[in-house]
Amino acid sequence: MTDTTATTTDVVVEVARGVFRIRDTCNVYLVVSDEHPESITTAIAIDFGSGLALGYLAQLGIQRITDVLMTHHHRDQGQGLPLAIEHGARIHVPPVEVDLFAHVDEMWKRRQLDNDYNLRQDRFSLLEPIAVSSTVPEYRTAHYGGVTVRVLPTPGHTIGSVSYILERDGERIGFTGDLIYAPGKVWSLAASQWSYTGHEGPAMTVLTCLLLRDEALDVMLPSHGHPMRDPDQALELLGSRMQYHVDSRRWHPWDLADRLRNPYVPLTDHLLLNRSSLSCCYILLSDTGEALLIDYGYDVTTGLPTGSERAARRPWLASLPALKEQFGVSRISVALTTHYHDDHVAGLPLLREVEGTQIWTPSNVAPILDDPWMHDLPCQWFEPIHSDRVLPLGESFTWNEYTIAVHRQPGHTLFAAAYEVQVDGVTVLFTGDQQENLGIPGERHEILNYQYRNRFRIADYKASAELYRRVAPGLMLSGHWEPRWVDEGYLDYLLDAGNDLIEMHEALLPLDELDLGADGVLARLTPYRSRVTTGDPLALTVTVRNPFSDKSLVTLRPVLPEGFAGDAETTLWLDAGEEREVPVRLTVGGAPRPRARVAIDVTIGGLMLGQHAEALVQVI
């Protein structure tokens, strides 16, 4: 490695063979390719600053920059990216933060400013969107312009930050962005404060320091600061100082190293609980050395930062090394889902991409994961998650030596299932977020975890309690609470709670006159969200239900935004309680806009519901 005695006046310094640091709004690193003949010299850039590096290419003998790899979304890292694109470079960004590059204009349009409790520095993003060529593949090796790097998630400075590892001349060089400025120091503490009273960023920095030390780097090249020749010591010092910072804001110290290194708690010899994940992840161990996971959302989490957009959510695989090393797992072959909520599924795509894990999904959950724009439901992941196998409800399947039954389990959400399996002589039932498993007679506060927008129905919890009686589990495992060893009193309690829930809703709702259901929704439009080019057709479906005990005439009248055309009023007869799907055919017109609103004005018998259902159309 080239010895460096850089001063504040140095602009260009060769910090390793063919690795040049350009001092700009951040340190920009040009990595010259080893693969091109002498007559052609190309390089990639790690971050881009204001674009100052373009003025030094001739001096360095570099014909062009082929690719720019971004460590995170902040403006000092990438305000010059339009110049890079004009130069002909491809732009590659962290997957968690892709929207803050490619669609940052949407953030500027929608970011809450009044009464703002979101402390994340998302407004230190680019002012205008740029064209992104790809997202970088975390945990994997990639090739850019003749340079090979390994990509690692390194949250701390931002939620989606990544680092790049380059092996050159027998040394491992880490480009670490703004994770660390100098041994024990960071460029910004404020950037790591992601929520108003939380400490998620500093805690993530501790975990990242531990994980990055495992990479045995020979040198770290930060976005601000000088090269660090003893990365292990620098990271250890930062980790210990940041741990002190975390503990200064907690009533009790938080052993983050133990949380990372020992996340798994054995419940039986072949069944583990991942205590580090946001929602409970369970691991079924096979004598073959394989593992099956039940739910996999946010692994080794330090809390949920403010905001719900993609850039506020970090899936990663931080607990898997401990699973493999401590329990002899050779392969994570299958992951199951109890329901579609992001805290139970967010990590599944990354798990499949990196580990080759197959995703097996109940038949009532698979369509929701497959198309998150179809229904107006809360807590969905941002992109489709396709199932490798769809599991029929009410049937069993085998995985190695286990037979697992899939049970319909509506309640917390209509789109959920419970899994029944015998493990080490115990009948285990995985129930997701159905109830909090407190099981204390007389204590009914939040015991039944229902939300109306999840499509909760009044009798669902009675039905699930009857399921539990039939299964008679010895151990019930929920999505967020302590394992529950089951006795008869607990099963009686859940049935009583289900009946009580019915009685409460019957007392509060006018069900003797008409069945509005628990959520009061009698008509829905699907797909709820669409993206259509102006001039093209759009097919929607109205699903409408008759709430009366007699046959009723239903009138459906589309209410269209300016420029749209389509079907006129539709009438039909529905029997008592009948539900039916009615097609609506439209032509999209008018100027491009992000969320044009289509509504359906609904009348059922003498009940005028007005513009009861809506759908959103992105016109392009």
Side-chain angles (χ1 to χ4, degrees), residues 279-280 282 284 292 294-295 334-341 344-345 348 359-371 374-375 377-380 385 387-399 402-422 427-437 447-473 475-480 484 486 490-491 494-495 497-499 501-502 505 515 517-519 521 524 526 543 545 577 579 581:
S279 69
C280 294
Y282 300 97
L284 186 60
L292 177 148
I294 296 94
D295 289 335
V334 172
L336 307 179
T337 57
T338 58
H339 60 293
Y340 68 89
H341 287 167
H344 294 256
V345 305
L348 292 177
I359 300 171
W360 296 1
T361 312
S363 59
N364 64 337
V365 179
I368 308 302
L369 293 180
D370 201 55
D371 187 358
M374 179 59 69
H375 299 283
L377 291 167
C379 311
Q380 295 188 84
I385 301 176
S387 302
D388 298 295
R389 180 177 175 182
V390 176
L391 306 171
L393 295 169
E395 298 184 14
S396 298
F397 66 93
T398 59
W399 174 76
Y402 297 99
T403 298
I404 302 175
V406 187
H407 298 285
R408 185 187 300 274
Q409 188 194 224
H412 175 64
T413 170
L414 180 62
F415 311 104
Y419 296 104
E420 172 194 354
V421 63
Q422 287 278 329
T427 299
V428 182
L429 193 66
F430 301 92
T431 60
D433 289 353
Q434 190 75 346
Q435 61 274 320
E436 294 195 7
N437 290 355
I447 181 64
L448 301 183
N449 185 23
Y450 58 93
Q451 281 76 33
Y452 294 103
R453 271 194 64 205
N454 283 339
R455 308 284 180 88
F456 158 71
R457 299 172 306 184
I458 295 170
D460 282 344
Y461 277 92
K462 179 181 179 182
S464 65
E466 291 168 345
L467 166 67
Y468 306 151
R469 277 219 169 274
R470 293 194 302 272
V471 173
L475 178 62
M476 290 176 65
L477 298 177
S478 70
H480 293 273
R484 173 74 196 205
V486 178
Y490 182 56
L491 296 179
L494 290 181
L495 184 58
N499 285 320
L501 194 63
I502 293 172
H505 281 82
D515 181 8
D519 62 2
V521 178
R524 304 179 191 275
T526 55
T543 303
R545 179 175 62 85
E579 183 175 88
E581 295 182 351

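In this structure, Tyr490 and Tyr468 have side chains that are not in contact, with every pair of non-hydrogen atoms separated by 4.5 Å or more. A heavy-atom distance below 4.5 Å is found between the side chains of Leu336 and Phe397. Residues Leu477 and Thr431 fail the side-chain proximity criterion, which asks for heavy atoms closer than 4.5 Å. Counting heavy atoms from C-beta on, the side chains of Tyr450 and Arg457 never come closer than 4.5 Å. Between Val421 and Phe430, some side-chain heavy-atom pair lies under the 4.5 Å cut-off. With contacts defined as side-chain heavy-atom distances shorter than 4.5 Å, the pair Leu369/Thr361 qualifies. No side-chain heavy atom of Asn454 sits under 4.5 Å from any side-chain heavy atom of Leu414. Counting heavy atoms from C-beta outward, Ile404 and Leu284 have side chains that approach closer than 4.5 Å.
Across all their heavy atoms, Val486 and Pro473 have their closest contact at CB-O, 3.3 Å. Closest heavy-atom contact between Ala418 and Leu467: CB-CD2, 4.5 Å. The shortest heavy-atom contact between Val406 and Pro362 is CG1-CB, 4.3 Å. Minimum heavy-atom separation, Asp433 to Gly479: OD1-CA, 3.2 Å. Between Val390 and Ala366 the shortest heavy-atom distance is CG2-CB, 4.0 Å. Nearest heavy-atom pair, Gln422 versus Tyr402, reported as atom, atom and distance to 0.1 Å: O-CD2, 3.6 Å.
Rounding to the nearest 0.5 Å places CE of Met476 at 4.5 Å from CD of Gln435. Here Gln434 contributes atom CD and Asn449 contributes atom CG; the two are 8.5 Å apart, rounded to the nearest 0.5 Å. The distance from atom CG of Asp460 to atom OG1 of Thr413, rounded to the nearest 0.5 Å, is 9.5 Å. Summarising the geometry, atom NE2 belonging to His480 is positioned 7.0 Å from atom SG belonging to Cys280; distances are rounded to the nearest 0.5 Å.
Side chains of Ser464 and Gln409: no donor on one and acceptor on the other come within 3.5 Å.
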Subject >> Pair Gln380-His341, side-chain contact (heavy atoms from CB on, under 4.5 Å): steps then yes or no >> reply: CA-CA 5 Å; Gln380 295 188 84; His341 287 167; over 6 Å; no
**OP:** I would like to know whether Leu429 and Tyr419 meet side-chain contact (heavy atoms from CB on, under 4.5 Å); could you show each step before the answer?
**Re:** CA-CA 6 Å; Leu429 193 66; Tyr419 296 104; 5.9 Å; no
**OP:** Would you sort out whether Thr427 and Glu420 count as a side-chain contact (heavy atoms from CB on, under 4.5 Å), showing the intermediate values?
**Re:** CA-CA 7 Å; Thr427 299; Glu420 172 194 354; 4.2 Å; yes
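Among Ile385, Val365, Leu391, Ile368, the single residue meeting the side-chain contact (heavy atoms from CB on, under 4.5 Å) criterion with Thr337 is Val365.
Under the side-chain hydrogen bond (donor to acceptor under 3.5 Å, both in side chains) criterion, the residue pairs touching residues 388-398 are Arg352-Asp388, with sequence neighbours excluded.
The pair Arg524-Asp519 meets the salt-bridge criterion, since a charged nitrogen lies less than 4.0 angstrom from a carboxylate oxygen.
Under a 3.5 Å cut-off, the side chain of Arg545 and the backbone N or O of Asp515 do form a donor-acceptor pair. Asn364 places a side-chain N or O within 3.5 Å of a backbone atom of Ala416 that can act as its donor or acceptor partner.
Here Asp295 pairs with Thr338, His344 under the side chain to side chain donor-acceptor pair (under 3.5 Å) rule; sequence neighbours left out.
Ring geometry for Tyr452 versus Phe456: interplanar angle over 60°, hence perpendicular rather than tilted (30 to 60°).
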